[in-house]
Colleague: 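The structure that follows is given in the form of structure tokens.
For the single chain, residues carry numbers from 1 onward in sequence order.
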Amino acid sequence: MVGEFPELQGIMGGYYARAEGLPDAVADAIRDHYKPVGQGDDVPTAPVTVAVSLADKLHTIVNFFARGMKPSGSKDPFALRRAALAVIAQVQATNTRLPLKRLFEQLAGWENYYSGDEPNTWVEVDDLLDFFADRLKVQQREAGVRHDLIDAAFALGQETGQIEDDLVRLLARVHALQSFVATDDGANLLAGYKRAANILKKEVPQTPSPQRGEGRGEGERGEAERPALDVAHPHPTLPHEGEGNLKDSSNFPLSYTPEIAEAALIAALDVAEPRTAQAVAAEDFEGAMAALATLRAPIDAFFESVTVNDADPAKRAARLALLARVRDAVHSVADFSKIAG
């Protein structure tokens with residue numbers, strides 16, 4: 001039947017299942033689990049149908065990727081891009097919390113096991129996540145969402161392996177981020193973040209900073225007179241990424257009286273960090289952005305009046321650690337280094 005009339009795929013199976021006396025939920029799942037097959041098609045929301053549909057599409061995508069049969073250029077003979085878009089549409093329509101990375105690891109592991117290959121799922125999983133990120137960009141572009149904001153959300157946690165792979169939560173981050181960067185507070189915080197990231201990149205070579213390009217800021221003052229931190233033999237009072245000191249400047253004791261703007265930024269971070277963390281935990285990303293927005297004025301004032309690369313090694317170390325706190329606070333919401341502008 002389907003060989004002659006492919007548009008009846010699923011529909012005939014639903015009729016046969018009902019004729020056999022199978023439960024309606026099963027017959028409906030057989031009928032609808034191929035959907036959506038294109039733009040404007042219905043997106044199933046019945047629980048059994050959604051479960052079967054997602055399982056079928058994800059398993060299909062992983063199988064073809066495992067055999068090196070990925071979409072290439074304009075070629076997609078097995079409609080894997082359409083299947084990924086259908087998964088995204090179903091997740092959005094049903095608010096389904098789907099941990100893609102864990103699912104891909106399991107599916108890729110099973111595929112390797114049953115095919116007799118040596119398990120090597122990491123490259124496959126990364127490829128699959130990149131594939132879904134690209135599909136999400138295509139889908140969201142039509143909704144007016146910038147692709148760099150999706151990159152910023154997907155890149156979150158890559159260094160620790162705890163990436164953002166829940167599409168519902170990821171899109172909530174992206175939409176809150178898009179609203180935030182369109183404001184003056186958002187634009188200025190982004191500029192302050194990039195300035196801090198550039199300084200950390202220059203002064204703490206072991207600190208992974210995704211920001212590329214030339215930076216301008218207080219970290220460049222006196223650069224010729226003061227060498228960058230010696231990673232192999234760091235001064236005992238200097239922050240060193242390998243020792244973890246940069247991760248939390250609140251545990252970095254000050255041996256001097258901080259300048260007014262420096263103390264104000266420390267105080268602002270002491271308030272903003274827990275508020276941001278609580279908002280992120282509650283998936284209130286608008287609230288997280290609002291908490292980060294309170295850092296805008298203190299960061300501006302800090303760069304206006306405080307010399308980060310001070311001749312005093314203790315001041316230099318503490319101020320670099322303070323900038324690391326700014327970077328990490330922002331990274332709890334999204335990787336701002338991926339955002340253009």
Colleague: Give the intermediate values and the outcome of salt bridge (charged side-chain N to carboxylate O under 4.0 Å, His left out) for residues Arg325 and Asp270.
Modeller: CA-CA 10 Å; Arg325 279 183 72 184; Asp270 288 342; 2.8 Å; yes

Colleague: Any chance you could lay out the side-chain contact (heavy atoms from CB on, under 4.5 Å) test for Asn309 and Glu203, step after step, and finish with the verdict?
Modeller: CA-CA 9 Å; Asn309 232 359; Glu203 303 302 325; 3.3 Å; yes

Colleague: The criterion is side chain to side chain contact (heavy atoms under 4.5 Å, CB included); which residues satisfy it with Ala133, sequence neighbours excluded?
Modeller: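 Testing Ala133 for side chain to side chain contact (heavy atoms under 4.5 Å, CB included), a comparison that skips the adjacent residues, returns Phe154.
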
Colleague: Could you give me the CA-CA distance, side-chain angles and deciding distance for Leu171 and Gln140, then say whether side-chain contact (heavy atoms from CB on, under 4.5 Å) is met?
Modeller: CA-CA 9 Å; Leu171 285 172; Gln140 288 293 303; 3.6 Å; yes

Colleague: Kindly compute the distance separating OG (Ser337) from CZ (Arg327), expressed to the nearest 0.5 Å.
Modeller: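 Reported to 0.5 Å precision, the distance equals 10.5 Å.
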
Colleague: Hydrophobic clusters here meaning ILVMFWY residues chained together by side-chain heavy-atom distances under 4.5 Å, can you tell me if Val168 and Leu170 are in one?
Modeller: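 Same hydrophobic cluster.
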
Colleague: Does the structure place the NZ or CZ of Arg31 under 6.0 Å from the centre of the six-membered ring of Tyr15, at an angle of no more than 45° from the ring's axis?
Modeller: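 Ring-cation test returns no.
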
Colleague: Quick check: are there more than 12 heavy atoms from other residues, nucleotides or ligands sitting under 6.0 Å from CD1 of Ile260?
Modeller: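 Counting other residues, nucleotides and ligands, CD1 of Ile260 stays at 12 neighbours or fewer.
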
Colleague: To the nearest 0.5 Å, what is the distance between CZ on Phe180 and CG on Leu149?
Modeller: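 It comes to 12.0 Å.
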
Colleague: I'd like to check the side chain to side chain contact (heavy atoms under 4.5 Å, CB included) partners of Ala297; sequence neighbours left out, ordered by chain and number.
Modeller: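 Ala297 satisfies side chain to side chain contact (heavy atoms under 4.5 Å, CB included) with no other residue.
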
Colleague: Any side-chain heavy-atom pair from Asp134 and Val138 closer than 4.5 angstrom?
Modeller: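 Answer no - side chains too far apart.
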
Colleague: Answer with yes or no whether the hydrophobic clustering places Val50 together with Leu85; edges join I, L, V, M, F, W, Y residues whose side-chain heavy atoms lie under 4.5 Å apart.
Modeller: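 They do not share one cluster, since no chain of ILVMFWY contacts under 4.5 Å joins Val50 to Leu85.
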
Colleague: Shared ILVMFWY cluster between Phe132 and Ile150, side chains joined below 4.5 angstrom?
Modeller: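 Same hydrophobic cluster.
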
Colleague: A cation-pi test, strictly: NZ or CZ of Lys315 under 6.0 Å from the centre of the six-membered ring of Tyr256 and no more than 45 degrees from its axis. Yes or no?
Modeller: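 So Lys315 does make the cation-pi contact.
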
Colleague: Can a salt bridge be assigned to the pair Arg82 and Asp76 using a cut-off of 4.0 Å between side-chain N and carboxylate O?
Modeller: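 Salt bridge absent between Arg82 and Asp76.
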
Colleague: Hey, does Val125 have a side-chain heavy atom less than 4.5 Å from the side chain of Phe65?
Modeller: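 Side chain of Phe65 against side chain of Val125, heavy atoms only: no contact under 4.5 Å found.
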
Colleague: If you apply the rule side-chain contact (heavy atoms from CB on, under 4.5 Å), what do you find for Tyr193 with Ile339, and how did you get there?
Modeller: CA-CA 11 Å; Tyr193 160 84; Ile339 302 175; over 6 Å; no

Colleague: Contact between His59 and Leu107 at the side-chain level, heavy atoms closer than 4.5 Å - yes or no?
Modeller: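 A side-chain contact under 4.5 Å exists here.
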
Colleague: Looking only at side chains, do Gln90 and Ser53 share a donor and an acceptor under 3.5 Å apart?
Modeller: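 The criterion, which ignores hydrogens and geometry beyond distance, is satisfied for Ser53 and Gln90.
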
Colleague: State which residues pass salt bridge (Lys or Arg N to Asp or Glu O under 4.0 Å) with Glu262; sequence neighbours excluded, sorted by chain then number.
Modeller: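 Glu262: salt bridge (Lys or Arg N to Asp or Glu O under 4.0 Å) contacts with Arg319.
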
Colleague: Other residues, nucleotides and ligands only: do more than 12 of their heavy atoms fall within 6.0 Å of NE2 on His175?
Modeller: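 Enclosed: over 12 neighbouring heavy atoms sit under 6.0 Å from NE2 of His175.
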
Colleague: Heavy atoms only: give me the nearest Ala261-Ala301 pair and the separation to one decimal.
Modeller: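 Shortest heavy-atom contact: CB-O, 3.7 Å.
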
Colleague: To the nearest 0.5 Å, tell me how far Leu98 CG sits from Leu103 CG.
Modeller: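 Here the interatomic distance stands at 5.0 Å.
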
Colleague: Using side chain to side chain contact (heavy atoms under 4.5 Å, CB included) as the criterion, list what pairs up with Arg275, not counting sequence neighbours.
Modeller: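 With neighbours one apart ignored, the set is Val271, Ala291.
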
Colleague: Which pairs with one or both residues in residues 283-300 pass side-chain hydrogen bond (donor to acceptor under 3.5 Å, both in side chains), sequence neighbours excluded?
Modeller: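 Listed once each, the pairs are Arg97-Glu283, Asp185-Arg296.
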
Colleague: Kindly work out whether a path of hydrophobic side-chain contacts (I/L/V/M/F/W/Y, heavy atoms less than 4.5 Å apart) joins Val87 to Val52.
Modeller: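 No, Val87 does not connect to Val52 through the hydrophobic network.
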
Colleague: Do Asp165 and Phe104 have side chains that approach each other closer than 4.5 Å (heavy atoms only, starting at C-beta)?
Modeller: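 No, too far: nothing below the 4.5 Å cut-off.
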
Colleague: What I want to find out is whether Lys101 reaches Asp126 closely enough, with some N-O distance under 4.0 Å, to be called a salt bridge.
Modeller: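 No salt bridge links Lys101 with Asp126.
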
Colleague: Keeping to residues at least two apart or across chains, list the ring pair (Phe, Tyr, Trp, His ring centres under 6.0 Å) pairs with something in residues 66-86.
Modeller: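 Every pair satisfying ring pair (Phe, Tyr, Trp, His ring centres under 6.0 Å) with a residue in residues 66-86: Phe64-Phe78.
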
Colleague: Looking at side-chain heavy atoms only, is the closest gap between Pro71 and Pro77 below 4.5 Å?
Modeller: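 Pro71 vs Pro77: side chains apart.
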
Colleague: With rounding to the nearest 0.5 Å, note down the distance linking CZ in Arg81 to CZ in Arg135.
Modeller: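 One finds 5.5 Å between CZ of Arg81 and CZ of Arg135.
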
Colleague: For Asp335 and Lys338, what are the C-alpha separation, side-chain angles and deciding distance, and is it a salt bridge (charged side-chain N to carboxylate O under 4.0 Å, His left out)?
Modeller: CA-CA 6 Å; Asp335 185 344; Lys338 303 292 184 183; 5.0 Å; no

Colleague: Would you say Val326 and Ile266 are hydrophobically clustered, going by side-chain heavy atoms of ILVMFWY under 4.5 Å?
Modeller: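 Same cluster: Val326 reaches Ile266 through Ile, Leu, Val, Met, Phe, Trp or Tyr contacts under 4.5 Å.
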
Colleague: Can you tell me how far the CG atom of Leu177 sits from the CG atom of Asp148, to the nearest 0.5 Å?
Modeller: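 If we round to the nearest 0.5 Å, Leu177:CG and Asp148:CG are 8.5 Å apart.
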
Colleague: Between Phe302 and Val308, is there a side-chain heavy-atom distance shorter than 4.5 Å?
Modeller: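 Side-chain contact under 4.5 Å: yes.
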
Colleague: Determine, for Arg18 against Asp28, whether the closest basic-nitrogen to carboxylate-oxygen distance falls under 4.0 angstrom.
Modeller: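 Judged by the 4.0 Å cut-off on N to carboxylate O distance, Arg18 and Asp28 do form a salt bridge.
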
Colleague: Counting N and O atoms only, with roles assigned by atom type, does the side chain of Gln178 sit under 3.5 Å from a partner on the main chain of Gly144, one being a donor and the other an acceptor?
Modeller: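 Yes, because the side chain of Gln178 sits within donor-acceptor range (under 3.5 Å) of the backbone of Gly144.
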
Colleague: Report yes or no: does Ser72 contribute a side-chain atom to a donor-acceptor pair with the main-chain N or O of Lys75 at less than 3.5 Å?
Modeller: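 It does not hold such a pair.
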
Colleague: Any heavy-atom pair between the side chains of Phe285 and Arg169 that's under 4.5 Å?
Modeller: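 Sidechains of Phe285 and Arg169: in contact.
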
Colleague: Begin from the C-alpha positions of Leu295 and Leu292 and carry the test side-chain contact (heavy atoms from CB on, under 4.5 Å) through to its verdict.
Modeller: CA-CA 6 Å; Leu295 297 175; Leu292 289 177; 4.1 Å; yes

Colleague: Contact between Arg146 and Val181 at the side-chain level, heavy atoms closer than 4.5 Å - yes or no?
Modeller: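 Contact flag for Arg146/Val181 side chains = yes.
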
Colleague: Rounded to the nearest 0.5 Å, what's the gap from CG on Leu269 to CG on Leu323? Could you check?
Modeller: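 Spacing of CG (Leu269) from CG (Leu323) equals 9.5 Å.
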
Colleague: Is His33 reaching over with its side chain to a backbone N or O of Ala29, donor-acceptor style, under 3.5 angstrom?
Modeller: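 Checked: pair present.
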
